Asks: 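Please find one structure pasted underneath; my questions will follow.
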Amino acid sequence: MRTEQLAMPPAVEAAFGHTVHVLVRVLTEFSCQIEALEGDLAAHLDQHPDARIYRSQPGLGPVLAASRSTFQ
């Protein structure tokens, strides 16, 4: 780690830096959207007549419980 490393031309390093920056922003937005969807899913699951049963099973969160129930 303390020895000199191979380097790319500055333009290539800058391009990779911008690419990583944009990918981090995309992943951050995806995380925000996933949280919003999980919130909506949990709210809809709570309206299901068997929601209490699905939520009572260990390890069955709102996403997995919703995939096991039949929403109509």
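Everything numeric here is computed off the predicted structure, so don't read it as measured data.
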Asks: Is there a side-chain contact between I53 and D50, using heavy atoms and a 4.5 Å cut-off?
Replies: yes
Asks: Would you say that more than 12 heavy atoms from the other residues, nucleotides or ligands in this model lie under 6.0 Å from the CD of Q5, or not?
Replies: yes
Asks: Would the distance check show the side chain of H21 and the main-chain N or O of G17 forming a donor-acceptor pair, the cut-off being under 3.5 Å?
Replies: no
Asks: How long is the straight-line distance from CG of L23 back to CZ of F30, given to the nearest 0.5 Å?
Replies: 10.0 Å
Asks: Between V26 and V20, is there a shared hydrophobic cluster once you connect ILVMFWY residues whose side-chain heavy atoms come closer than 4.5 Å?
Replies: no
Asks: Please give me the minimum heavy-atom distance between V12 and M8, naming the atom from each residue.
Replies: CG1-CE, 3.7 Å
Asks: Working to the nearest 0.5 Å, report the span between CG of L45 and CD of E38.
Replies: 12.5 Å
Asks: To the nearest 0.5 angstrom, please state how far the CD1 atom of I34 sits from the CD atom of E29.
Replies: 10.5 Å
